[in-house]
2 protein chains.
Amino acid sequence: MRDRVKALQASFRSELDGYIITDLINMLYLTDFLGAATMFVPNEGESTLYIHDVNFEAGLVEAKNCRVKLAKRGENLIKNVSEQIMSQKLSKLGFDKMNVQTYEKFRKYLKNTRLEAKSEYIWKLRRVKDEDELKKIRKAGELTVEGMRTAFEAIKKGLKEYEVAAEIEYAMRTCGSYGVAFDTIVASGPRSAYPHGGCGERKLRIGDLVVVDFGAIYKNYRADMTRTFVVGKATTKQRKYHAVVALAQEKAFQKIQDGVKATEPDMAARETISREGYEKYFVHGLGHGIGLETHEQPTLNPTSKDILEAGNVVTDEPGIYIVGFGGFRIEDTILVKKDIGERLTSGLHVLEAS
Amino acid sequence: MRDRVKALQASFRSELDGYIITDLINMLYLTDFLGAATMFVPNEGESTLYIHDVNFEAGLVEAKNCRVKLAKRGENLIKNVSEQIMSQKLSKLGFDKMNVQTYEKFRKYLKNTRLEAKSEYIWKLRRVKDEDELKKIRKAGELTVEGMRTAFEAIKKGLKEYEVAAEIEYAMRTCGSYGVAFDTIVASGPRSAYPHGGCGERKLRIGDLVVVDFGAIYKNYRADMTRTFVVGKATTKQRKYHAVVALAQEKAFQKIQDGVKATEPDMAARETISREGYEKYFVHGLGHGIGLETHEQPTLNPTSKDILEAGNVVTDEPGIYIVGFGGFRIEDTILVKKDIGERLTSGLHVLEAS
């Protein structure tokens with residue numbers, strides 16, 4: 001693993017004297033260690049990861065690119081970090097994320113220091129996945145496709161939504177998945193019309209639409225995939241809507257490429273859907289970055305300011321949701337490249353299951 | 001479901017003119033709706049839930065105890081909420097949780113309004129579970145015990161950690177669990193010595209300690225349970241440590257009761273472990289509240305200021321972690337009552353699996 005702490009230092013050095021990290025996933029990204037902790041990165045030299053008692057021994061073994069200090073229960077960690085900062089006479093600090101209470105405590109100890117939200121420095125790094133990360137996301141993608149294959153085979157009349165989820169998750173787990181990227185969605189019948197329709201006790205019926213949306217995790221990295229199936233034979237109307245969403249997804253995919261505005265693939269999908277008069281049913285953005293978290297930068301929607309870069313991993317997931325009728329969404333996880341993107345999930349483009 | 005919004009209003013009315021909620025779980029607690037939103041609760045009259053496009057239609061149907069407004073993409077939601085607050089001439093507001101950036105935006109629009117972190121009002125309610133909540137946590141507890149029974153039967157030489165997790169999660173899912181409360185821990189051999197030892201690709205060997213820690217979710221409510229098993233026959237030393245942790249857990253349980261300081265059960269467990277000279281190996285607090293989130297109030301550790309109340313649901317989970325040897329933890333989810341607590345998970349107090 002390349003030294004991401006050094007990359008972070010190089011990126012903020014011209015503007016900041018140091019950087020406080022409170023977000024555990026950012027620390028995982030930088031040090032390969034996940035656990036309750038706070039991190040301080042000076043603009044040069046060694047960084048310090050203050051790890052709480054419960055995770056300290058694991059951190060000693062696992063944390064890379066930093067030195068590890070024990071943060072004892074009851075100790076005033078914010079005061080101790082502040083003292084380290086003051087002893088180095090640092091006058092301008094950034095941080096990744098902070099709640100108001102923590103911020104005010106830091107302010108109390110760091111009276112003569114500027115302290116500003118500067119999450120962009122860490123996101124500039126995290127947005128572009130390196131080879132080590134891509135290996136893991138690829139694997140998460142493969143496991144996710146295995147889960148979708150299982151869903152396709154499992155779906156049949158009489159099965160409960162959560163029973164479909166059970167089969168999907170078991171298939172992924174036994175193939176080596178570390179868990180699910182978010183609560184698996186198996187939304188059937190009327191609830192398919194809600195983008196986050198959940199997964200409950202409803203039994204599948206012939207003719208139901210079933211939106212199936214989930215992701216595997218492999219060594220902390222995630223993938224995300226959605227397919228929409230019909231239990232039994234699809235109607236002409238279902239086929240029509242499904243085809244529009246499939247076309248919108250493909251049109252968006254064709255635009256996903258290094259250097260392109262993140263609004264463009266969204267627009268390609270939205271125009272395809274508008275052409276049929278369904279724009280009001282596409283109630284969300286096209287997609288989101290994915291990696292250590294399920295929703296990351298960049299964001300692909302009509303108001304995004306992001307520019308796609310090679311190494312971004314994003315979802316392409318247009319949908320149509322008609323309350324009282326049902327919903328359709330098709331989603332894949334895509335690696336942005338210099339030319340056309342690479343699908344890290346694919347296949348199972350079938351409407352009729354069982 | 002009782003009107004929790006009214007209960008919140010009654011609780012803060014003497015101090016605050018209104019309350020801003022940004023935490024999605026707090027909104028779920030108050031309105032029974034989970035999705036991207038922001039909520040404003042005035043000190044009397046109707047509250048407003050501003051729901052983003054993607055979840056709006058679901059919110060219209062599901063959100064209780066409030067009126068629902070659409071928060072359109074690109075709209076300045078903070079400005080709109082602030083305008084509503086100003087039109088009502090409210091001068092002192094509390095909020096549950098806020099990051100620095102959101103806080104500073106609110107400050108910009110609410111120049112003549114006091115705005116303070118007051119999460120205690122919502123926690124005072126959430127800490128004490130009502131009958132509807134207890135029904136769900138009880139069910140989550142039952143599902144969790146079913147998972148542990150499966151783990152006990154599955155564990156055998158040669159199986160990988162994640163394969164054990166697969167069996168646990170499949171058993172809970174097919175019995176009706178909605179997912180897992182946190183990443184299932186199956187930490188075997190050396191990694192059992194880390195309290196959050198994860199779950200990887202290691203194959204179980206004869207003589208291994210295996211710490212198994214997980215929880216089911218039922219309708220958003222969680223349970224949490226840990227057992228420590230040995231693959232095959234346990235050694236005298238393993239039996240000794242295990243018995244100390246089991247005794248510490250029981251001693252703590254005997255103290256869990258309405259009106260008791262949250263430090264007391266922790267102290268009961270800690271003293272039991274100290275008596276054997278193992279105090280330095282008990283590197284975390286005794287437990288935590290659990291409900292809609294896996295870690296909630298009250299906190300049971302040596303520095304806690306909490307007082308236990310009937311209706312709290314807490315974990316009782318002492319442990320001993322010896323780097324290079326292995327770890328032991330035994331945990332159950334307990335309902336605090338007027339007299340002795342009620343175990344919402346129980347059984348499987350067996351050291352030797354398979």
Side-chain angles (χ1 to χ4, degrees), chain A residues 34-36 52-62 73-74 95 97-104 115-117 119 160 162-163 165-167 169-180 182-184 191 193-201 217 219 283-285 301-303 321 323, chain B residues 34-36 52-62 73-74 95 97-104 115-117 119 160 162-163 165-167 169-180 182-184 191 193-201 217 219 283-285 301-303 321 323:
Chain A
L34 180 61
H52 294 267
D53 315 60
V54 59
N55 298 130
F56 180 68
E57 291 290 344
L60 275 180
V61 180
E62 292 166 13
R73 188 185 13 254
F95 60 83
K97 201 186 234 180
M98 218 175 265
N99 65 40
V100 177
Q101 292 97 312
T102 304
Y103 178 74
E104 290 182 344
L115 184 58
E116 282 174 23
S119 64
K160 289 177 186 159
Y162 73 72
E163 290 171 332
E167 299 304 326
E169 293 170 5
Y170 186 70
M172 296 198 298
R173 264 298 201 184
T174 50
C175 291
S177 173
Y178 281 64
V180 287
F182 52 91
D183 291 347
T184 296
R191 289 196 61 80
Y194 304 130
H196 300 157
C199 176
E201 294 169 12
I217 302 180
K219 296 189 175 171
V283 295
H284 55 70
N301 72 26
T303 57
Y321 309 91
V323 174
Chain B
L34 181 61
H52 294 268
D53 315 60
V54 58
N55 298 131
F56 181 67
E57 292 290 344
L60 274 181
V61 180
E62 292 167 13
R73 190 188 6 262
F95 60 83
K97 202 186 232 180
M98 217 175 264
N99 65 39
V100 176
Q101 292 96 314
T102 304
Y103 178 75
E104 289 182 344
L115 185 58
E116 284 175 22
S119 65
K160 289 176 187 161
Y162 73 73
E163 290 171 331
E167 299 304 325
E169 293 170 5
Y170 186 70
M172 295 197 299
R173 264 297 201 184
T174 50
C175 292
S177 174
Y178 282 65
V180 287
F182 52 92
D183 290 349
T184 296
R191 289 196 60 78
Y194 305 129
H196 300 157
C199 175
E201 294 168 13
I217 302 180
K219 297 191 175 170
V283 295
H284 55 71
N301 73 26
T303 57
Y321 309 91
V323 174

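Within every chain, numbering begins at 1; the chains are lettered A, B, ... in the order of the sequence lines, protein sequences first and strands thereafter.
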Nearest non-hydrogen partners of B:R173 and A:C199, listed with the distance: NH1-SG, 4.2 Å
Side chain from CB out, backbone as N, CA, C, O: work out which of these in [X] comes under 4.5 Å of a heavy atom of chain B, or both, or neither.
| X | answer |
| --- | --- |
| A:F56 | neither |
| A:V180 | neither |
| A:K219 | side chain |
| A:V323 | side chain |

[X] side, atom [atom1]; [Y] side, atom [atom2] - distance, nearest 0.5 Å:
| X | Y | atom1 | atom2 | value |
| --- | --- | --- | --- | --- |
| B:M172 | A:E169 | CE | CD | 9.5 Å |
| B:L34 | A:D183 | CG | CG | 8.5 Å |
| A:Y178 | B:T184 | OH | OG1 | 13.5 Å |

Side-chain donor-acceptor contact under 3.5 Å, A:H284 with B:D53: no
For residues [X] and [Y], determine if any side-chain heavy atom of one lies less than 4.5 Å from a side-chain heavy atom of the other.
| X | Y | answer |
| --- | --- | --- |
| B:Y194 | A:V54 | no |
| A:E104 | B:Y103 | yes |
| A:V100 | B:F95 | yes |

Taking only Lys NZ, Arg NE, NH1 and NH2, and the carboxylate oxygens of Asp or Glu, determine whether B:E57 and A:R191 approach each other closer than 4.0 Å. no
So which of B:E163, B:K97, B:E167 has the biggest tally of heavy-atom pairs under 4.5 Å with chain A? B:E167
Among A:S119, A:P195, A:G179, the residue with the most heavy-atom pairs under 4.5 Å to chain B is A:P195
Chain B interface, residue from A:P302, A:S177, A:A117, A:G74 that has the most non-hydrogen pairs under 4.5 Å: A:P302
